[in-house]
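Here is how names work: the chains are called A, B, and so on, in the same order as the sequence lines, proteins then strands, and each is numbered from 1. For clarity, every value in this text was computed on a predicted model and none was experimentally measured.
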There are 2 protein chains.
Amino acid sequence: MADQPEKRGVTFREIKSDLLERIAAGEWAADGIVPGEVELAAEYGCARATVNRALRDLAEDGVVERKRRAGTRILAQPVRKARFDIPISRTEIEATGARYRYALVDRAIVEAPDWLRARLALDRGAHVLHLTCMHYGDGAPFQFEDRWINLSALPKAESQNFEAQGPNEWLVETVPYSDAEIAFSAIGASPDVAEHLSCDPNTPLFRIERTTWWQDVAITHVALMFRPGHRMTTRY
Amino acid sequence: MADQPEKRGVTFREIKSDLLERIAAGEWAADGIVPGEVELAAEYGCARATVNRALRDLAEDGVVERKRRAGTRILAQPVRKARFDIPISRTEIEATGARYRYALVDRAIVEAPDWLRARLALDRGAHVLHLTCMHYGDGAPFQFEDRWINLSALPKAESQNFEAQGPNEWLVETVPYSDAEIAFSAIGASPDVAEHLSCDPNTPLFRIERTTWWQDVAITHVALMFRPGHRMTTRY
DNA sequence: CAGTGGTCTAGACCACTGA
DNA sequence: CAGTGGTCTAGACCACTGT
């Protein structure tokens, strides 16, 4: 290929945004199939790898779906994918410029209640460490944390008192890069939580629940209740 | 490294998971800097592009941070990134196997209220189309939709009656691939919403708010209130 | 200003899967 | 079973930025 040395080669970003425009313009609306990588590479005068990179990006964004033999199909109703950073509460609070404070509310070793046993696949009679904690921003209640740690999977949690360091930070240092399931929902403040968050009982609170595994063993389950009015935001 | 030279080449996935283990094991805990791509490529006996792909993935997962001259630094507290698919309500409901039904509750063209003008950067006196709709799954209330459409950006919305097709589906077909800001929160059901969702007023509801732009022009703002107890879930 | 990651190329083989 | 995407290679130049 005697490339004209005019341009350094098309970038995958240019290809991606050009493809987006052409898709939006309905260029391939007939069958909804984008031309193959080889054809597009010829059209753009670039290597196939570059087109591949662009198309892979579009697939990650949920705009198209790629299958080996079938080609690249445009999704009729693009699945919008939003990404959220799930920060540690300290980080989240300090990012706003506020002073962070942590406090342990309660710490107890108990038999796992049934709902938790079911969720973490624990044996009957298994013991767990139950912690409740508060996170403050500039002295004001920010988040109430209700955490359960599987002691058979993480026995050394028992020797931690969690008075200076919150369980979240400790766990991130101790069991990094685990798998997790996360759920967002709304819940009314229980009398206990309401008192800690300085709000009325039954106030609607935004809640994050997260269950974490390490190599298919359940490590911990946590519910985070935010102060009233909290919004979790992202762009996509 | 006793690599068999016969092997088809290390895959970037293998490298990625190996790097994860080594990071977790604290191999580079001293300065928190992973060796450069060239060095790692030599170590794994593969091309630099392969290592690059692995490291790029790790950066996308929020495990490391990459800067040109500085190298690849391990993030002390990995920023967990969760991805959510933001489906259209029809898709969300039908995915559960339930029968989907849509109903328009109200449709009106009004002057934009102040809070909306601020959010969408509208001119004073701008007119918007205000729609409220219900989405049902197997006949039961699933979601209440409170939508505002910027008529100056999307005049043809005025000629839609939105009685058969919901605004969400119409918008996705009409203005695909726009930018958006999304927020999750909890809110108490207003009397009106409570009636449509068949719950008591002030019941905590999970809410998604989304504002959408196309080329820096605000198109629409929507608040979606889900039936009580709704959980939005993902793995990461 | 030198070193690191960012990206592109041209070519190759492979894995999957739909016709 | 043939065509498409998935991935790897070996090499190159470039852009950015810390020292």
Side-chain angles (χ1 to χ4, degrees), chain A residues 1-20 22-23 27-28 30-75 79, chain B residues 1 3-20 22-23 27-28 30-75:
Chain A
M1 286 267 148
D3 266 299
Q4 311 267 342
E6 35 169 296
K7 250 211 168 158
R8 234 326 270 160
V10 194
T11 74
F12 77 93
R13 291 169 199 283
E14 287 165 349
I15 295 183
K16 183 181 169 185
S17 82
D18 186 64
L19 285 175
L20 257 183
R22 295 169 73 180
I23 290 174
E27 180 163 341
W28 302 290
D31 55 355
I33 302 286
V34 172
E37 297 188 351
V38 201
E39 189 178 332
L40 285 175
E43 187 181 326
Y44 285 111
C46 68
R48 181 167 79 97
T50 308
V51 172
N52 178 278
R53 177 79 192 271
L55 287 174
R56 192 152 35 78
D57 256 36
L58 287 177
E60 255 187 32
D61 294 347
V63 174
V64 299
E65 183 185 44
R66 317 195 71 196
K67 274 194 201 155
R68 300 238 148 149
R69 160 77 205 208
T72 299
R73 188 167 67 248
I74 300 166
L75 291 176
V79 179
Chain B
M1 304 283 102
D3 278 305
Q4 280 85 10
E6 297 317 313
K7 210 146 192 210
R8 219 348 256 154
V10 194
T11 74
F12 77 92
R13 292 170 199 283
E14 287 165 349
I15 296 183
K16 183 180 170 185
S17 81
D18 185 63
L19 285 174
L20 259 182
R22 295 168 74 179
I23 290 174
E27 181 163 341
W28 303 290
D31 54 357
I33 301 285
V34 171
E37 295 187 352
V38 202
E39 191 178 328
L40 285 175
E43 189 181 324
Y44 286 110
C46 69
R48 182 167 78 94
T50 309
V51 171
N52 178 277
R53 176 80 191 272
L55 287 173
R56 195 155 31 82
D57 255 37
L58 287 178
E60 255 188 30
D61 293 347
V63 174
V64 299
E65 183 186 44
R66 317 195 72 197
K67 274 195 203 154
R68 301 238 151 150
R69 161 76 205 210
T72 299
R73 188 167 71 248
I74 300 165
L75 292 176

To the nearest angstrom, the CD-P distance between B:E65 and C:dG5 comes to 13 Å

For residues B:V64 and B:L19, determine if any side-chain heavy atom of one lies less than 4.5 Å from a side-chain heavy atom of the other. no

Set out, in order, the CA-CA distance, both residues' side-chain angles and the distance that settles side chain to side chain contact (heavy atoms under 4.5 Å, CB included) for A:V10 and A:T50, then state yes or no. CA-CA 8 Å; A:V10 194; A:T50 308; 5.6 Å; no

What's the separation between atom CG in A:L55 and atom CG in A:L58, rounded to the nearest 0.5 Å? 6.0 Å

Mind running a 4.0 Å heavy-atom check of residues 31-44 of chain A against DNA chain D and sending the residues that fall below it, in number order? A:G36, A:E37

Return the value, rounded to whole Å, for the distance between atom CG of B:N52 and atom P of C:dC8. 11 Å

Expressed in angstrom and rounded to an integer, what is the separation of A:L58 atom CG from D:dG5 atom P? 13 Å

What is the distance, rounded to the nearest whole Å, between atom CD of B:E60 and atom P of C:dG6? 11 Å

Between CZ on residue A:R48 and CG on residue A:L40, distance to nearest 0.5 Å: 11.5 Å

Tell me what B:R13 touches on the nucleic acid: a base, only sugar-phosphate, or nothing, going by heavy atoms under 4.0 Å. sugar-phosphate

For D:dG18, what is the paired nucleotide under Watson-Crick or G-U wobble rules, both distances under 3.5 Å? C:dC1

What nitrogen or oxygen pairs link the protein and nucleotides 15-19 of chain C at under 3.5 Å?
residue : atom : partner : partner atom : Å
C:dA15  : O4'  : A:R68   : NH1          : 3.3
C:dA15  : N3   : A:R68   : NH1          : 3.2

Using only side-chain N and O atoms of A:R66, determine if any of them is under 4.0 Å from OP1 or OP2 of D:dT4. no

The reported gap from SG in B:C46 to CG in B:N52 (rounded to nearest 0.5 angstrom) is 10.5 Å

Should the side chain of B:R56 and the base of C:dT7 be counted as holding a donor-acceptor pair, with the cut-off at 3.5 Å? no

Side-chain N,O (B:T50) to OP1/OP2 (D:dT7) below 4.0 Å: no

What is the separation between atom CG on A:L19 and atom C1' on D:dG5, rounded to the nearest whole Å? 15 Å

Side-chain N or O of B:T72 closer than 4.0 Å to phosphate OP1/OP2 of C:dG5: yes

Between A:I33 and A:W28, is the side chain to side chain contact (heavy atoms under 4.5 Å, CB included) condition met? List the steps. CA-CA 6 Å; A:I33 302 286; A:W28 302 290; over 6 Å; no

Under a 3.5 Å limit on both distances, the Watson-Crick or wobble mate of D:dG11 is C:dC8

Please report, rounded to the nearest Å, how far the P atom of C:dG6 is from the CD1 atom of A:I15. 19 Å

Please lay out, stage by stage, how B:V63 and B:L20 fare under the test side chain to side chain contact (heavy atoms under 4.5 Å, CB included). CA-CA 8 Å; B:V63 174; B:L20 259 182; 4.2 Å; yes

Between CZ of A:F12 and C1' of D:dC14 the distance, given in whole Å, is 15 Å

Any donor-acceptor N/O pair under 3.5 Å between D:dT7 base and A:R48 side chain: yes

